[in-house]
Structures are given as structure tokens and as C-alpha cells.
Protein chains: 2
Amino acid sequence: MEAEEHDKRKCPSHISTTECTKMILPVKDALDILSGKWKLQIILSLSFGKKRFKQIQREIPGLTPKMLSKELKELEINGLASRQVYDTLPVSVEYELTSYGKTLKPLIGELHKWGTKHRKRIIGRK
Amino acid sequence: MEAEEHDKRKCPSHISTTECTKMILPVKDALDILSGKWKLQIILSLSFGKKRFKQIQREIPGLTPKMLSKELKELEINGLASRQVYDTLPVSVEYELTSYGKTLKPLIGELHKWGTKHRKRIIGRK
DNA sequence: AATACCGGTATACTTTAGGAAACCAGCTTT
DNA sequence: AAAGCTGGTTTCCTAAAGTATACCGGTATT
């Protein structure tokens with residue numbers, strides 16, 4: 001049987017499997033930053049301006065301080081958000097999207113565009 | 001204290017919190033389709049042509065039949081991949097990206113672009 | 001004097017994603 | 001006759017993600 005022909009169609013012949021995997025890494029990085037139950041909502045919230053901790057929490061029903069704290073740290077580590085402490089009494093802390101963080105917007109926009117079409121296609125309209 | 005001003009900067013005033021949440025749903029839909037440990041690799045594999053079940057499994061080291069089966073079903077349900085059974089002996093089954101599934105490419109391309117910049121920025125160069 | 005606000009942390013729990021191994025029927029190869 | 005191929009399913013288990021609840025010190029309000 002000459003069904004062998006199929007077996008050659010994996011990746012393009014000049015590209016090894018491990019190289020394919022490498023191509024995927026940056027995509028995964030981007031996805032990691034956006035996925036998780038609360039990240040998008042937090043990013044969206046910050047995209048409307050500086051926000052304080054409790055303020056974000058109040059805006060997003062169901063979000064616990066533990067999760068918020070964890071996600072904000074990740075955003076900070078990735079350079080997407082900044083944290084500023086003011087020594088008012090009691091201390092106030094403001095979080096803000098960095099200009100780098102704002103570069104996520106067009107990306108999220110693309111996801112939104114595709115997702116909207118997909119919604120219409122699968123779920124029916126809406 | 002008139003720190004009240006901050007409290008108005010949630011979502012734009014003409015948009016309610018629930019409406020903000022709705023804006024996020026399509027983005028989540030798109031993310032759901034791409035996230036998970038194996039989906040990207042499976043999609044990439046299929047993007048190079050029709051593939052049979054075991055063939056995909058062989059190409060992606062570590063991928064168990066259970067996960068592959070589950071992910072392929074999801075792709076099918078979402079209209080992104082098609083499944084064709086040929087009644088050869090033993091039966092052979094071929095999976096293929098639908099033309100709709102191929103519309104994911106530019107989206108993945110955007111994620112790749114952003115992710116690549118992010119890698120350089122955070123991890124240092126590559 | 002008690003309560004509420006701020007920005008969180010700590011501990012314990014549940015839920016979900018994913019992995020490992022065995023198994024199925026029916027055919028082919030050794 | 002035994003082992004391997006096909007395309008999967010089933011069961012059991014672990015690791016990770018997320019939730020619930022209580023708590024902290026310090027100030028302000030009632």
C-alpha cells in the first residue's frame with residue numbers, strides 16, 4: 001500500500017518537528033498572558049484608567065483579593081501594569097496599564113473580532 | 001475628601017459593568033479555542049494538511065489518545081476541523097482543517113507577533 | 001468603643017485539566 | 001498463535017487553578 005505519501009505531510013520538509021514547537025512558544029506566551037479566569041477583565045478595567053485595589057475588586061464581582069493580588073503581580077512582572085504606592089493615610093495604591101500593556105489592545109481587538117464572528121456562527125446570533 | 005472622582009472611571013459612563021462583561025465574552029470564546037495544552041499544536045499539525053489520528057499522535061510527543069480525541073471533538077464541534085471516515089480495513093479516519101478553521105491563521109499570526117516581541121523583552125533575546 | 005475602610009496575606013478547601021495505563025474489535029504481519 | 005496495526009474509550013489518579021473565609025495593622029467614622 002502506498003498510503004505512505006501522507007506520512008510526508010507533517011511540517012514542511014525543511015522544518016523539523018522541534019522547530020515547529022519553537023514557533024508555537026511565542027504564541028503560548030501571548031495566550032498565557034490573556035488566559036485565566038480574571039486577567040482579561042482586570043486588563044479591561046485598567047484600560048479605562050488608573051485604579052486602586054479595592055476599586056478593581058468592586059468592579060469585578062466574584063473576584064477575591066487573593067486572585068486579584070496574584071494577577072496584578074503577574075501583570076507587573078510582565079511589564080504590563082505598574083504599581084504606585086502613595087503614602088497617604090491609609091496608604092493608597094494605584095495600578096495602571098503601562099504603555100507596553102496598552103500594546104495588548106489591538107491583539108485583544110483581533111480576538112474580539114474573531115470571537116464575535118464565531119459567536120454568531122455557533123451560538124446563533126447575539 | 002473628593003477622591004470620589006476616581007470612582008467614576010470604571011467603564012465609560014455610557015457603558016454598564018454588565019455590558020463590559022459582555023464585550024469580554026467573544027474574546028474569551030476565541031481564547032478558549034486556542035488555549036489548553038495541545039490545541040495549538042494540533043491546529044498547527046492540521047494546518048499542513050489532512051492527518052490521521054495516530055499520525056497526529058505520533059507527531060506530537062506526549063499527546064495521549066484521550067486528549068487528542070477530546071480536542072479533535074472540540075475542534076469539530078466548533079466547525080474548525082472535519083472528520084472523515086473511510087471504510088477501508090481497518091477503518092481510516094482523516095481530520096482536516098475546514099476553511100473556517102483556516103481563518104484562525106491570521107489570529108494566531110497576531111499572537112505570534114506579540115508573543116515574539118514579548119519574549120525578546122522579558123526573556124532577553126531568544 | 002465599635003465598626004468600617006485600606007491593601008493585601010494565610011490557610012484550607014473544591015474543582016478542573018491533564019496524565020497513565022489498560023482495554024476494545026477487527027484485521028495484518030511475523 | 002502471538003503480536004501489531006487501526007481509532008479510539010474507560011477508569012483511576014495527580015497537579016494546578018480557583019474559591020471561601022478569616023485575618024493583619026493602621027486610620028477614620030459613627
Side-chain angles (χ1 to χ4, degrees), chain A residues 1-7 21 24 28 31-43 45-46 50-78 81-96, chain B residues 1-7 9 21 24 28 31-43 45-46 50-77 81-96:
Chain A
M1 289 166 191
E2 57 279 79
E4 297 299 324
E5 287 173 37
H6 283 297
D7 291 324
T21 310
I24 283 181
K28 287 209 165 165
L31 286 174
D32 276 353
I33 278 172
L34 265 9
S35 61
K37 190 166 175 185
W38 303 105
K39 288 221 190 76
L40 266 174
Q41 288 170 79
I42 294 169
I43 291 169
S45 167
L46 290 180
K50 284 187 187 177
K51 295 278 171 68
R52 298 175 58 174
F53 191 90
K54 288 288 181 188
Q55 193 179 0
I56 301 170
Q57 205 193 327
R58 264 184 261 112
E59 279 179 26
I60 305 178
L63 176 53
T64 63
K66 178 186 164 188
M67 288 309 289
L68 178 53
S69 166
K70 186 195 138 208
E71 304 291 27
L72 286 172
K73 274 176 195 159
E74 275 189 51
L75 289 174
E76 227 195 317
I77 285 172
N78 284 306
S82 65
R83 188 184 117 115
Q84 285 214 20
V85 183
Y86 300 95
D87 63 347
T88 54
L89 286 173
V91 289
S92 52
V93 181
E94 284 191 341
Y95 292 91
E96 190 177 10
Chain B
M1 288 166 192
E2 57 279 79
E4 297 298 327
E5 287 175 34
H6 283 294
D7 291 323
R9 261 195 281 166
T21 309
I24 281 182
K28 288 212 163 164
L31 285 174
D32 275 352
I33 278 171
L34 297 174
S35 62
K37 191 165 175 186
W38 304 106
K39 287 221 191 76
L40 266 175
Q41 289 170 77
I42 293 169
I43 291 169
S45 167
L46 290 180
K50 282 186 187 177
K51 294 280 171 65
R52 295 174 60 174
F53 190 91
K54 288 288 179 188
Q55 192 180 1
I56 301 171
Q57 206 193 327
R58 265 183 260 113
E59 278 178 27
I60 305 178
L63 176 54
T64 62
K66 175 188 161 185
M67 289 309 289
L68 179 53
S69 165
K70 185 194 140 209
E71 304 291 27
L72 286 172
K73 272 174 196 159
E74 275 190 52
L75 288 175
E76 226 196 317
I77 285 171
S82 64
R83 188 183 116 116
Q84 285 214 19
V85 183
Y86 299 95
D87 63 347
T88 54
L89 287 175
V91 288
S92 53
V93 181
E94 284 191 341
Y95 292 91
E96 191 175 10

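Proteins get letters first, then strands, A, B, ... in listed order; numbering begins at 1 in each.
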Considering all heavy atoms of both residues, which atom of B:Lys51 and which atom of B:Ser45 are nearest to each other, and what is their separation? NZ-O, 2.8 Å
First of A:Pro90 and A:Lys73 reached from the 5' end of DNA chain C, by closest nucleotide: A:Pro90
What integer distance in Å separates A:Asp87:CG from C:dG7:P? 14 Å
Heavy-atom distance under 4.5 Å between the side chains of A:Lys28 and B:Gln41, does that happen here? yes
Can you figure out which of C:dT11, D:dG7, C:dG8 approaches the side chain of A:Arg83 most closely? C:dG8
Is there a side-chain contact between B:Arg52 and the phosphate of D:dT6, meaning an N or O under 4.0 Å from OP1 or OP2? no
Rounded to whole Å, please give me the gap between CD in B:Glu74 and P in C:dA17. 9 Å
Across the strands shown, which category fits B:Lys37 at heavy-atom distances under 4.0 angstrom: base, sugar-phosphate, nothing? sugar-phosphate
Kindly point out which of D:dT9, D:dA20, C:dG7 is positioned nearest to the side chain of B:Ser69? D:dT9
Give B:Lys70 one of three labels, base, sugar-phosphate or nothing, depending on what nucleic acid heavy atoms sit under 4.0 Å from its own. sugar-phosphate
When rounded to whole Å, the NZ to C1' distance for the pair B:Lys39 and C:dG18 reads 12 Å
Please report the distance, rounded to the nearest Å, between CE in A:Met67 and C1' in C:dT16. 13 Å
Without decimals, in angstroms, what is the distance between B:Leu68 CG and D:dG8 P? 8 Å
Rounded to whole Å, how long is the line connecting atom CH2 of B:Trp38 with atom P of C:dG18? 10 Å
Hey, does the side chain of A:Lys73 reach the backbone of A:Ser69 with a donor-acceptor pair shorter than 3.5 angstrom? no
How would you label the contact of B:Tyr95 with the nucleic acid (heavy atoms, under 4.0 Å): base, sugar-phosphate, or nothing? sugar-phosphate
In terms of the nearest nucleotide of DNA chain C, which residue is placed more toward the 5' end: B:Pro65 or A:Val91? A:Val91
Heavy atoms under 4.0 Å, any strand shown: does B:Gly36 hit a base, just sugar-phosphate, or nothing? sugar-phosphate
To the nearest 0.5 Å, what is the distance between CG (B:Leu63) and CZ (B:Arg58)? 12.5 Å
Find the distance between CD1 (A:Ile56) and CD (A:Glu71) and round it off to the nearest 0.5 Å. 11.5 Å
Compare the minimum distances between each of C:dC6, D:dG7, C:dG8 and the side chain of B:Val93, then state the nucleotide with the smallest one. D:dG7
Given C:dC6, is OP1 or OP2 found less than 4.0 Å from the side-chain N or O atoms of A:Arg58? yes
Euclidean distance, atom OH of residue B:Tyr86 to atom P of D:dG8 [Å, nearest integer]: 13 Å
Rounded to whole Å, please give me the gap between CG in B:Leu72 and P in D:dT9. 10 Å
